[in-house]
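To start, the structure under review is shown below, and the notes come after it.
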Amino acid sequence: MLTVPRRLSAARRALAATTLLALVVLTGAAGLAPAARADDVRDSQREVLRTLDLSAAWRVSEGEGVTVAVLDSGVDGDHRDLVGSVIEGKDFTAGANPRGVQPLRLHGTYMASLIAGHGHGPGGADGVIGVAPRAKVLSVRVILEDEEPGFREFNTAERYENVVARGIRYAVDHGADVINMSISKELATREERSAIRYAISKGVVLVAAAGNDGAEETDASGNAPYSYPAAFPGVVSVAATDRGLRRASFSNRNPSVLVAAPGVDILGAGPGDEYWVGRGTSQATALVSGVAALIKAKYPEMSPVLVVQAITAGATRRPTGGYDTGMGFGVVNATRALAAAARISRHTLTAEGAGGHDPARPLGLAVEPVRVVHRDRDRINLYGGVAVAAGLGAIVCLVTIAVFVGRARSSTTYQEPTPDAVTAPWP
């Protein structure tokens, strides 16, 4: 697996990749596996759909009206399970591949299908169904596949250093409600941090993969390195679970992990009406982005922090103690997340006004100068002394009054009245 210090790699995209296990071909093309029955794909998704409890969630929301930006290697919008749902966005890798070489769009198509695949055939009953089947996908190309000829150029040329930051801002400015980043790198940049703050300030939910180095690169405490952009504050960092809903061995374990989702033997679409089965935190991330899309479709004004709160509050299979660095707050459940969103949807106010920090600006740049108030210590001491003296005087007065009242009462004695001769009783 290729490791690139500062650039994104299609082989380790937190993701890290999609470790592709098998290619399931439904076309019956020569030299490939025999065609499978049309319902085999949906049957293969059954366990994942059950884990996320999507049948119940879809009675509340299917993601209609929401746009999910997929920052990846590009999406095949002609795939029968995605046709009509994909908006072709900007390619920030332009120039890396030789002239005339078309993008492979493998990983990006795969992720997009898990988010917003709508199937095909009568009633959309065949093919891949995504978590938010009525959502739109905005394809923003920010990485190359390992197999593309420009891969090395892309990972070494300075002009591609901040493609993710530019991709985030582009997605926000072109109507994204959720940004899926099934990508990872080892080092962060100031531009990426600023772009993420900008996205959150515009109400956009960001979801990224925690990384797939959990079985290889760990420190003394068993934690794997942080993966970016997942480790940035405000980004939902997603770990992967195995079939038993335990942390997958490859999934990164560190304090950035927020939630987990299925990430082993996940079936999705590939370019040219193909289907892929793979494993990785990439797949888990796409599923969680779909859940975020369901919430934003139902509660479009809900702020990113409250969407994240709903996702974590609705998680199942919570670790002992409520949280751990491998599974976060537990396994995402779409129905429970929507129910949590319903409870907190009315809490949408954010801090505003002078003195607040603009999330789109780097930290350290205040909105306006901080006003310093100078206080006269001598005057403060004088007024304080007067107040103390007045208080003591009041106490002395009260005590004096109490003493005089007590003496007056003690000097007065009771005398029996003399019987009146006229009114006295008869002897």
Side-chain angles (χ1 to χ4, degrees), residues 14 45-58 60-61 114-115 131-132 178 180-182 205-212 214-215 221-224 226-227 230-231 233-266 279-296 298-299 302 304-345:
Q45 291 189 276
R46 192 179 307 280
E47 193 59 37
V48 172
L49 302 181
R50 182 183 300 113
T51 297
L52 298 181
D53 197 12
L54 286 172
S55 60
W58 286 333
V60 178
S61 172
L114 298 178
I115 297 168
V131 175
V178 179
N180 180 83
M181 296 178 286
S182 292
V205 181
L206 300 111
V207 188
N212 296 345
S221 63
N223 289 335
Y226 287 99
S227 172
V235 178
V236 180
S237 178
V238 184
T241 66
D242 58 20
R243 284 182 171 271
L245 298 183
R246 299 175 295 268
R247 183 186 71 89
S249 60
F250 56 80
S251 183
N252 280 13
R253 179 201 301 269
N254 61 51
S256 76
V257 173
L258 189 70
V259 289
V264 172
D265 297 342
I266 308 299
R279 61 172 58 189
T281 51
S282 281
Q283 291 86 330
T285 300
L287 297 175
V288 174
S289 289
V291 174
L294 296 180
I295 296 173
K296 288 292 283 185
K298 183 67 176 178
Y299 306 102
M302 183 175 283
V305 66
L306 294 184
V307 172
V308 174
Q309 182 179 336
I311 290 173
T312 56
T316 60
R317 303 295 290 258
R318 290 182 175 274
T320 302
Y323 176 87
D324 69 30
T325 56
M327 295 281 288
F329 288 99
V331 179
V332 169
N333 180 289
T335 298
R336 288 168 56 93
L338 282 165
R343 293 192 297 270
I344 64 176
S345 60

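These numbers come from a predicted model, not from an experiment.
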task = Working to the nearest 0.5 Å, report the span between CG of L206 and OG of S237.
result = 12.5 Å
message = Using side-chain heavy atoms (C-beta onward) and a distance below 4.5 Å, is P255 in contact with N223?
response = yes
ask   = Which heavy-atom pair separates I115 from A286 by the least distance, and what is that distance?
value = CG1-O, 3.3 Å
task = Indicate yes or no: at least one non-hydrogen side-chain atom of L338 is less than 4.5 angstrom from one of I295.
result = yes
message = Apply side chain to side chain contact (heavy atoms under 4.5 Å, CB included) to residues T316 and V331 and explain how you reach the verdict.
response = CA-CA 5 Å; T316 60; V331 179; 4.0 Å; yes
Gap between atom CZ of F329 and atom CG of D324 - 0.5 Å precision = 10.0 Å
task = Report yes or no: does T335 contribute a side-chain atom to a donor-acceptor pair with the main-chain N or O of A57 at less than 3.5 Å?
result = yes
key: Least distance between heavy atoms, A284 atom then A240 atom   = CB-CA, 4.0 Å
inquiry  = Quick one: does any side-chain atom of W58 pair with a main-chain N or O of V131 as donor and acceptor, under 3.5 Å?
reply    = yes
request  = Identify, with sequence neighbours excluded, every residue that meets side chain to side chain contact (heavy atoms under 4.5 Å, CB included) alongside A231.
outcome  = Y226, Y228, S256
key: Atom pair CE/CZ of M327 and R246 - distance to nearest 0.5 Å   = 9.5 Å
remark   = Taken to the nearest 0.5 Å, the spacing of E47 CD from I266 CD1 works out to 9.5 Å
request  = Could you tell me the separation between the CG atom of L54 and the CZ atom of R46, rounded to the nearest 0.5 Å?
outcome  = 13.0 Å
message = Is there a side-chain contact between V238 and L287 in this structure, where contact means two heavy atoms from C-beta onward sitting under 4.5 Å apart?
response = no
inquiry  = On a heavy-atom basis, which atom in V207 and which in S289 lie closest, and how many Å separate them?
reply    = CB-OG, 3.3 Å
request  = Supply the atom-to-atom distance R336 CZ to D53 CG, rounded to the nearest 0.5 angstrom.
outcome  = 9.5 Å
inquiry  = Between T285 and M181, is there a side-chain heavy-atom distance shorter than 4.5 Å?
reply    = no
ask   = After noting the C-alpha distance and the side-chain angles of D265 and R243, does the key distance pass the side chain to side chain contact (heavy atoms under 4.5 Å, CB included) rule?
value = CA-CA 8 Å; D265 297 342; R243 284 182 171 271; 3.1 Å; yes
Nearest non-hydrogen partners of A315 and G330, listed with the distance = CB-C, 3.9 Å
key: Atom of S282, atom of A209 and distance for their closest heavy-atom approach   = N-CB, 4.2 Å
inquiry  = Please check this pair: side chain of N252 against backbone of G214, looking for a donor-acceptor N/O pair closer than 3.5 Å.
reply    = yes
message = If you compare all heavy atoms of T51 against all heavy atoms of P262, which two are closest, and at what distance to 0.1 Å?
response = CG2-CG, 3.9 Å
